[in-house]
Structure formats: structure tokens, C-alpha cells
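Report on the structure given below.
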Amino acid sequence: MKIYNTLNNRKEEFVPINEGKVGMYVCGPTVYNLIHIGNARPMIVFDTVRRYFEYKGYEVNYVSNFTDVDDKIIKAANEEGVDASEISERYIKECKQDMEHMNVRPATTHPKATEEIDGMIDLIQTLIDKGFAYEVNGTVYYRVKAFQGYGKLSGKNIEDMEAGHRDLLVDGESEKEDGLDFVLWKPKKEGEPFWKSPWGDGRPGWHTECSVMSRKYIGETLDIHAGGEDLIFPHHENEIAQSEAANGVKFANYWMHNAFLNIDNRKMSKSLGNFFTVRDIEKKFPLQILRFFMLSVHYRSPLNFSDTLVQSAANGLDRILTAVERLDEILGKVDKNTELKAEEEQVVKDIDSFVAKYEEAMEDDFNTADAIAAIFELVKLANVSVNESSSYALVKKAYDTIVKLLDVLGINAKREEESLDSKVQELIDQRQEARKNKDFAKADEIRDQLLAMGIELKDTREGVKWKRI
Ligand SMILES: [Zn+2]
């Protein structure tokens, strides 16, 4: 299996540290708002990478953090007049809902920055003890020039970075030994959350958390560290500087970065009015379509998002799901005892060759675009060569293969049933919540809404049951 490693700017054969296992860390979102579709891309891409490793029999330890202390969270909290923790908890919950609807599986561990402060203080202390960090007036800085190899991930060299920095060194920063040095710990300001530390009350800098959480939940050296390409500098460069200085070993063997996302060929930004949350998109398309659309482009290519392109992905997915439905129907009709016929052997060989093509694409740096093309070929073959006079063995083979390959991409082959189930369950949960709050008008309204969808509720001693009417 080949992975494009940003560290060496080339595709490299994947060799795990421990045979059959993958330790993978993916930088997660800062939770101050609903996630936008730019956040969704790494979630979908790296969930697919994980699924493919699992398909190949690897045991994957997948760790992805929530940054739940940050200037943006504090700003949002002050605007609403609530605690920062209320903002972060709310948006972690919302983010998990979006992930679920995008069929992004929960990580093995989802650590939160605020629950790992002790570990961050330990890391900072180690860096001070080893001469890689220093404290001035309650702020701790990382001494960039003390670390040999700063810039190796981003390909930047110290001299160029310095030239860019010299004139930026203005008030407040003048206490730094060097313009390149970055903050590991900052003193508290009025109205901000803070923790006690040997350097006074304050909070950690952003880069610190990923170094600490990845080591705690995976180990000193990761197989794969991943994230959006916008994180390469300074975030990932600084993570390397912190981790390698503290641990004395290589931080990550493979660095994977997904490319950015444009909207109608323009950068997504609030000021251009083309900023979309995942929730905005869900109003127009089921998120399964968003997922399929995102995977229809290789993760290292820029992704252009437009309604037309998403619609065309939706049509493509529909073609696949229709073929699966047809095979499912045929399965219900053919005699289960019919074995493969001699003339069907070539079709089986063709199916296997498309599976090989799919795997070859995925093993070439997770080329999901080509993997999807192989699924389309498989669908075409099934539409032409599998019918009600086929043997059960052949129909089952075609059906199982397509469903399996879709599942590795995180695409559910069953169109409506599943999504209806989760939609119904969500409404039932909302109704229970309304009843708990004695908002009976709302509870009745939800019951009527379900009735309009053809769903009847029954309150039983074991809870709420529902059936189609
Ligand atoms: Zn990170």
C-alpha cells in the first residue's frame, strides 16, 4: 500500500510500526460553531482511510481531538454570555451528529483539550528542562532555533521564515528571544478559563494538545498523522518540534494532508457569502451524497463544490443504489439452492477483476476516484450479466461485492430504510425530550409530523415503539 507522505513529498510503501496495526492521529475541529464543509472533508477522507485499513485486516487505533479551549470559543461564549464549556459541549454534540449523518465512525478516542491540561503542563516542563522552551512573565515560548530540523515538514527554511518575521515582531512579542518562537503557555486574561501551572494561571497554546494526546493514546511515534493541508504550517511543524524535542524519537512516519475545498471555484469565506455548514448542505442533500461527492475526487486534489457537481454525484450514486436494489429483488426471487453455472464463471472472474481494480486504486494513495470508477464498472456488469435466470450464487456474489466495496467508502447501500430509521428515531427522541420538559404541544406536533410520514407511535412500558402504517 502506497501513501503520499508530505514529510518526504513522495509516495511511499506503508510499513506499520507494529505488524497488523495502525496508530493514526487526525487533528479535529475547534468547537465554537457548527462544522463547515471544509471541516467535513478530512473527516470523510480519513474515516475512509481507516475503513480501508480495516478492510485489509488492520486493527486501527484512530484518535481525533476536539479543541475545546481557544480564542474563538471564548469569544462566542462572551457574545452569548455563557461559559466557554457550554459553547464547546454544545458544538461537540452537534459535530458528532453531523459525523453520524456523514457515516463518519466515532474515533477510538476523541480526547478533549480541557481534559488533558496536566499532560500539556508536563510536556511544557520537559521542554523547559531540556532547553527547548523558556518562560517570560508567565508566558512559555518554544525556542525554535534549538530544534534541528524545524521546517522539515513544510519545506520552509529558517532564514526565509525569519525574513518574514522580523518586521512582525511588535509590541507584546518583544519579550520573545526570537521572532520565530511560538507560545506553549499563555497567562490568563480577565474573563477567560484558566488552569494552574508552575508559570502561573493560564492556558496552553493550541499546538501543545496534539503532541500530548497523540502520545498518550497512541505512543511516541505515530504510524500516520493526518489533517487538512492548511495545518502543515505552523500547526504540524510545531507539533513535530514539540514532540521530537520532548521524546527524542521521530514523531510520525507518514504525514497525510487533504487539499482545500472551493465553492463555485472560489475560496469559501463568510465575507463572500459562500460559507456553508454541513447542516446547510443536509437541508438540500442527504449527507451520504456529500460523502460520495467528496470521495469522487482524490483527497490531494482541490475539491470544487457546486450544486451542479453535487447533483451529478447524486445521480451517479443513485445509479449504484438502483443496481443494488435490483440485485436485492432478484435475490428474493431466485432459488437459494442454485449453484454457479459453468457459463457464469467468466462473470465471476470479471467481478473479481473489478475488486482487484478497486483495491489497486485504494492502495495507490487512496485514490477513491478510481475506486468509485471500478464500482461503476461492476454495476454495469451486474446490470447486463445478472438477472432472474442467474444462479443464486452469482446474484449473491454480485450483491455482496458491491455492498462491501461501498461500505469501505462509508456509503450505505440501502437507500431509504436506514435513513428513515434514524430520522424517525431522532424525532422520537425530540418528542421524549419535549415531554420531559412538559412541552406537550411540541410533543403532539412531532407525533403528527411522524403520522404524516406514515409512522405510528405506541407508548409502551418498554418505551416508544413505532410502525409503518
Ligand atoms: Zn493538531
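Order of appearance sets the numbers: ligands from 1, and atoms from 1 within every ligand. Only this structure's heavy atoms are used, side chains among them; waters, hydrogens and symmetry mates stay out. This is a predicted model, so every value here is computed, not measured.
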C210 SG and H235 NE2 subtending at the Zn ion (ligand 1) (10° steps): 110°
Name of the residue among R10, K11, K2, R300 meeting salt bridge (charged side-chain N to carboxylate O under 4.0 Å, His left out) with D365: R300
R50 to Y62 six-membered ring, cation-pi geometry met (6.0 Å, 45°): yes
E239 near the Zn ion (ligand 1): N/O/S under 2.8 Å: yes
H207 near the Zn ion (ligand 1) via N/O/S, less than 2.8 Å: no
Parallel, tilted or perpendicular: ring planes of Y358 versus Y52, cut at 30 and 60 degrees: tilted
Option from Y142, F182, Y141 for which ring-ring contact (aromatic ring centres under 6.0 Å, His included) with H207 holds: F182
C27 near the Zn ion (ligand 1): N/O/S under 2.8 Å: yes
